[in-house]
Engineer: 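Sharing a structure below in structure tokens format, with a few things to ask.
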Amino acid sequence: MSNYVETGLMQVVFVPVLNHGNPSVAASVSADCVAHQDPRLFWEMHGRLYEEQDQLWSATRDYYVNTAVAIGADRATFEQCYDDGSGLARVQALDALRRERGITSQPVFDVNGVITAGLGNLFPTINGVIDQLEQ
Amino acid sequence: MKLSRSARRKKTGFLPKTRFLRLSPTRLVLLFGLLTVGCTAQSAELTVTSVPAVTSVAATRVSAPTEVGTTPVAEATLAPPPTATAVAVATETEVVTAAAEPTATPLPTDTPQPQTALTYGLTEEGAYVVGFPDAPVTMIDYSDFL
């Protein structure tokens with residue numbers, strides 16, 4: 001995927017889905033909080049959380065603070081965002097947005113308006129969109 | 001007394017009497033044929049060939065200079081559900097230098113190539129976006145971290 005992005009072919013937008021209760025919320029809030037310090041940190045956090053996905057079901061606040069600091073976020077700023085509810089409000093708003101758009105499962109991808117669910121059809125969908133652009 | 005070359009030229013005309021003129025008709029035909037073949041081969045080598053590889057375009061893009069602190073307006077289209085339309089614009093952006101060498105599959109040659117730089121930002125709705133704002137493809141990833 002990074003090949004598509006770094007070569008300018010595609011930009012990626014991530015919208016969090018909160019389908020697994022508090023663990024989903026905590027992970028999404030932590031990613032949102034680092035994003036509001038530096039948008040680049042979101043993608044660092046995004047990668048880290050997916051790499052350690054098996055830990056997220058039981059992850060505590062300290063885990064997210066330590067992970068945020070490890071990728072370069074400011075501790076105090078992160079903790080304030082994580083604790084004061086501002087990050088929570090934002091991710092809940094994004095979650096509501098995806099529901100409004102009829103997205104109920106995950107992952108779901110919208111590639112220039114072409115919707116596909118799951119990773120299995122993602123690259124064929126992307127290639128199909130590219131082929132249409134060429135025509 | 002031996003005449004100089006210029007003197008010989010004046011005496012005999014432009015073409016000096018050389019061994020070339022003393023060749024038999026058969027040898028003249030053969031020589032003419034060889035000259036003709038040589039010219040034809042050279043013409044084939046001048047045929048227009050290929051369009052520059054797209055990877056060079058990608059490489060140029062990837063090595064674009066860093067502009068820290070600029071906030072270009074980015075067009076990140078949040079593809080709508082079938083009945084609605086929505087356009088999101090990145091509001092907080094930071095331009096960074098992309099990776100030095102692309103290892104990607106070469107881009108299709110006819111795909112429009114963006115002119116801006118790789119940016120990280122947020123859409124109007126607050127979603128997280130990365131990429132060149134004028135990239136021809138926008139992918140929205142609705143995912144849970146779990």
Engineer: Under 6.0 Å between ring centres: does that hold for B:Phe145 and A:Tyr50?
Structural biologist: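 Yes, ring centres under 6.0 Å apart.
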
Engineer: Are the side chain of A:Gln37 and the backbone of A:Asp74 linked by a donor-acceptor contact shorter than 3.5 Å?
Structural biologist: yes

Engineer: For B:Tyr128, run the side chain to side chain contact (heavy atoms under 4.5 Å, CB included) check against A:Leu41, A:Val13, A:Asp32 and tell me which one passes.
Structural biologist: A:Asp32

Engineer: Between A:Val5 and chain B, which part of the residue has a heavy atom less than 4.5 Å away: side chain, backbone, both or neither?
Structural biologist: both

Engineer: With a 4.5 angstrom heavy-atom cut-off, which part of A:Phe14 approaches chain B: side chain, backbone, both or neither?
Structural biologist: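 Answer is both: backbone and side chain atoms of A:Phe14 are under 4.5 Å from chain B.
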
Engineer: Is there any residue in residues 61-69 of chain A with a non-hydrogen atom under 4.5 Å from a non-hydrogen atom of chain B, and which ones are they?
Structural biologist: none

Engineer: Counting only non-hydrogen atoms closer than 4.5 Å, does A:Leu94 touch chain B with its backbone (N, CA, C, O), its side chain (CB onward), both, or neither?
Structural biologist: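 For A:Leu94, the side chain is the part near chain B, not the backbone.
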
Engineer: Between A:Asn19 (side chain) and A:Thr104 (backbone), is there a donor-acceptor pair under 3.5 Å?
Structural biologist: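 Between the backbone of A:Thr104 and the side chain of A:Asn19 there is a qualifying donor-acceptor contact (under 3.5 Å).
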
Engineer: Which residues pass the salt bridge (charged side-chain N to carboxylate O under 4.0 Å, His left out) test with A:Arg98, sequence neighbours left out?
Structural biologist: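 A:Asp95.
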
Engineer: Which one wins on heavy-atom pair count under 4.5 Å against chain B: A:Leu56, A:Val108, A:Asp54, A:Val91?
Structural biologist: A:Val108

Engineer: Rounded to the nearest 0.5 Å, how far apart are CD of A:Gln11 and OG1 of B:Thr138?
Structural biologist: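 Here the rounded value is 4.0 Å.
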
Engineer: Say you draw a straight line from OG1 of A:Thr125 to CD1 of A:Ile115; how long is it, rounded to the nearest 0.5 Å?
Structural biologist: 9.5 Å

Engineer: Measure the OG1-CG distance between A:Thr7 and A:Asn3 for me, rounded to the nearest 0.5 Å.
Structural biologist: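 Rounded to the nearest 0.5 Å, the OG1-CG separation comes out at 6.5 Å.
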
